Every structure is written in structure tokens, then in C-alpha cells.
Amino acid sequence: MRRKLVVLGATGSIGRQTLDVAREFADEIEIHALASHRNASLLAEQARSSRPAEVVLVAGSPEGHDFGGARVKTGAEAMTDLCRDPDADLVVVATTGSAGLQPTLAALRVGKLVALANKETLVMAGPVIQAELRDHGGSLVPIDSEHSAIWQCLQGEVPESVERLTLTASGGALRSLSLAKLSSVTPEQALRHPTWSMGSKITIDSANLMNKGLEVIEARWLFDMDIERIGVVLHAQSVVHSLVTFRDGSVKAQLGLPDMRLPIQYALSSPHRWESSRTRLAIEEVGCLDFAPVDMARYPALRLALAVGRAGGTFPAALCAGDEVAVTAFLSGSIAFTDIPVIVQDVLDAHVNCSHPTLDDILQADQSARETAARRVSFRQYS
Ligand SMILES: NC(=O)c1ccc[n+]([C@@H]2O[C@H](COP(=O)([O-])OP(=O)(O)OC[C@H]3O[C@@H](n4cnc5c(N)ncnc54)[C@H](OP(=O)(O)O)[C@@H]3O)[C@@H](O)[C@H]2O)c1
């Protein structure tokens, strides 16, 4: 029987690729519902081709668009309601930023399978998500390529055998630029990722390695691993997606072309593997694989994220919110690329940590960090 899929963030990079995978494996997956933020025209086009029962446009207007007969709702609560729909089997959470948190919790609370692309959800609220998984029987699988790689390496292994996780990082669009030139980088330059095609927020986060810091925190919660046992290595080719070192000294890695449809597909097919027609990795054409340690002096955003991951509490929520505001400001030309970690640092300095937060504490930290970051952005903009 086909499983019924809900896609949140359907109009984004991961959402569109999820629909590609669902189209390729239409015998396995049926699109049950789609949600996006404001992009009514693309959501309508997707609804006409994939024929979901329901669509949700969180903040835009559906007026004047043809959704192919789907029920149309608006608002964030309607998106969260999709995750509780008893007819849905699994939910892909591919929104950006904090928007994925409440829907993920709602889906887990009713025992659904969640395929999570939205790393901010786990970064902000790892312990709350873990408690939800423990108490309500839902399950969570990764879409992020690094975490999918680790998950695949861990198949058939017992947790006590794992010594260390190593996440690979391409180094992003600015990896060859001198430190002196980073302050004058334009959004167009920072958005030119050498190996992956992704949404703008994650592409900027990849250019300063904030993304890798968020991924370390994500891995900490997904695999229940002490943060000191999670490392990062530069690997420009983006062919080795991550590695696991076991206590006997053996190392497993997962390799593949840099194409997000593969980890998306595995999240939907696991524990099975569906036969795909996509191009295979030809390792002989790759030639050699390069790895290098990360120069921490070059990446203050990564340093901040790792420190926040160690501190825990509401710091990670403040980090995510501050970064979201700062990246938006950089993309709109209001601040310099190098201001992003400075603003995040300011937000963290102003934050009063709550070490064992409830969901309300996390949402409150998110809100107040956004306000602090917005003030810091306008200060830097006019100073
Ligand atoms: N792209 C990748 O290759 C990749 C890889 C690993 C992990 N991820 C993670 O996956 C998530 C999505 O990334 P992306 O690159 O696909 O982003 P994206 O291309 O910017 O797409 C974001 C999607 O989320 C929707 N959205 C934004 N704010 C929303 C809100 N408040 N409520 C509901 N929907 C909202 C957008 O709707 P509109 O189009 O209507 O604005 C869009 O559909 C991020 O957390 C990212 O870190 C992405």
C-alpha cells in the first residue's frame, strides 16, 4: 500500500526535491498534503500536478490560484494540523528556521514518522524532541546528507561500538577567499556554493560554517552522542558525506554524488533501498579524495555554535534566532558577511540561559533573541 506523505516547505529546495522523489516512486508514495509560506503560485502548480487532498499557505494569499481541487487553508496552526491528520503516514519537515518546531512536535506526539531536513528544530529543542520520541512512539529520521550518512553507517551496529562521528564540510562558497576579503563579500558571491544547490539561508550558513556547527548539535541529539565525540573535517569534493569511527578502530563512510534526492529517498524508503535511475558515483572519475582539518580562526561562527552546543539550555535557540535575523540582514544588503557572527555573539552575550528549558522557555528565547538581533542589525547598519 502506498504511504501518504505530508511535505512542509514543499516550495523550497528540499521540498521540490522531495516531490521529485515522490514522482519517481509513485508506486510507493502518495502526496497527501503540501504546505509553504508565501509562494502561492508554485504551491498551486505543485497541487495541480501531485493532487494532494489539502494544501496550506502559511502567510500568503491563495486568492486567484487553482489548487487542483485540494482543500486550501492558511496559517501556521493549519500547517501544524496537517501533521496530526490520521490519514497521513509520514511528514517531511523542510521549512526553514524555527517554523518546523511545532509541526515536528505535533507529528511525533501522534506517533508519526518524521523525516527531518529542518535542522533548527533539533538544534533549538533537542531535549524536548527526545522526550516526545520517548513518550509518544513517533520516529525521526534525518534528511541532512551528513546525518543520513551517519545513520546509514550505523545500520547493524550497536551504540556502544561507536567511538566518534565525523561530519564532512565542503567549506562553502568562500573557502578559497583570503580572510581580509571576507568583509566585502556580496550575497551573490556567498550564495555561489561550489558543490550543493540549496536554499539561501543554508548556503550562507555553509559559507561561514555556522551550518556545520548546527549540524554538530543536530547530530548530538539525533544519535545521542556527547558533543566532544563529534568532529568536523573539510572535504571540498562533497563525495564522502560523513564517517563513523568504531571502538575497534574501523571507520565507515557513506559516499555518493552531492544530490539531496538520495538522502531524501533513503529517509522515505529505509530500511529498504528503492532502485533509482539517477547517475551513479564513478569513484575512478573522482580520482583522489581530499580532507583537511578546519582552521578554527577562520570560522568564528563554527566556534560559537560549538560553544553553544556544549552550553545547552536555551543558548541554541538564541543562536538559531540570532543567526536567522543576521543572515536575512546580510542577504538584504544591510550588514557585511563578517557581521553575521558578531551579531550572533552579541545575541548570546545578552541572553540569559535557562539550563533545563520547557518548550515555552525555548519559544521565549527565540523571540527575545530575534528582538536583540534586530536591534543589533539596525545599530550596525547605521553606525
Ligand atoms: N537545501 C538543502 O540541500 C538542505 C540540505 C540539508 C538540510 N537542509 C535544511 O532544510 C531546511 C529547508 O532548506 P531549503 O534549502 O529547502 O530552504 P528553502 O529553499 O529556502 O525553502 C524553505 C521552504 O520553507 C518554507 N517556509 C519558510 N518559512 C516558513 C514558515 N514560517 N512557515 C512555513 N513554511 C515556511 C518556504 O515557503 P515559501 O517558498 O512559500 O517561502 C519554502 O517552501 C532548512 O532547515 C535547511 O537547513 C537543506
Side-chain angles (χ1 to χ4, degrees), residues 6-21 33-47 55-62 65 73-83 91-104 114-124 141-149 167-170 172 191 193 195-207 209-215 217-219 222 238 241-242 256-264 266-267 305 320-321 323-324 327-328 331 366 370:
V6 175
V7 185
L8 311 184
T11 50
S13 163
I14 293 289
R16 293 192 307 271
Q17 294 179 83
T18 301
L19 294 182
D20 286 348
V21 171
L34 302 174
S36 80
H37 192 216
R38 293 181 195 281
N39 193 343
S41 57
L42 180 54
L43 188 66
E45 192 184 316
Q46 292 176 333
V55 297
V56 171
L57 193 61
V58 168
S61 166
H65 295 279
K73 292 189 180 160
T74 55
E77 193 50 40
M79 179 166 81
T80 299
D81 285 344
L82 289 181
C83 302
V91 182
V92 167
V93 181
T95 54
T96 36
S98 58
L101 175 56
Q102 303 272 24
T104 301
V114 174
L116 189 70
N118 176 240
K119 65 197 75 182
E120 293 88 341
T121 288
L122 264 177
V123 174
M124 291 173 72
V141 297
I143 281 184
D144 229 341
S145 57
E146 295 79 358
H147 304 76
S148 176
L167 306 182
T168 52
S170 71
L191 284 170
H193 197 288
T195 47
W196 292 99
S197 164
M198 309 183 285
S200 53
K201 161 73 166 54
I202 184 176
T203 306
I204 301 304
D205 281 348
S206 298
L209 260 57
M210 173 65 85
N211 181 53
K212 212 45 60 179
L214 299 180
E215 287 179 2
I217 304 174
E218 181 186 9
L222 263 176
S238 302
H241 296 308
S242 280
L257 290 170
D259 180 340
M260 283 306 296
R261 289 172 300 178
L262 181 51
I264 293 168
Y266 188 68
C320 285
D323 182 53
E324 214 177 310
V327 170
T328 305
L331 286 171
D366 171 79
R370 279 171 200 279

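Quick note: numbers below take in every heavy atom, side chains included, and nothing from hydrogens, waters or symmetry partners. Note that the coordinates shown come from a computational prediction; the quantities given were computed from them, not determined experimentally. Whatever order the structure lists them in is the order used to number ligands and atoms, beginning at 1.
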> Are any of the side-chain heavy atoms of P263 and D144 separated by less than 4.5 Å?
Replying inline: no
> Is any side-chain heavy atom of V58 less than 4.5 Å from a side-chain heavy atom of T95?
Replying inline: no
> At what distance, to the nearest 0.5 angstrom, does CD1 of I202 lie from CD of E215?
Replying inline: 6.5 Å
> Given the rule in the side chain to side chain donor-acceptor pair (under 3.5 Å) test, do N118 and T121 qualify, once you have shown the distances and angles that lead to the verdict?
Replying inline: CA-CA 6 Å; N118 176 240; T121 288; 2.4 Å; yes
> Applying a heavy-atom distance cut-off of 4.0 Å, which protein residues contact ligand 1?
Replying inline: G9, A10, T11, G12, S13, I14, S36, H37, R38, N39, V58, M79, A94, T95, T96, A99, A117, N118, K119, E120, D144, M198, G199, I202, M260
> Is any side-chain heavy atom of S238 closer than 4.5 Å to a side-chain heavy atom of W196?
Replying inline: yes
> Does a side-chain heavy-atom distance below 4.5 Å link S13 with M260?
Replying inline: no
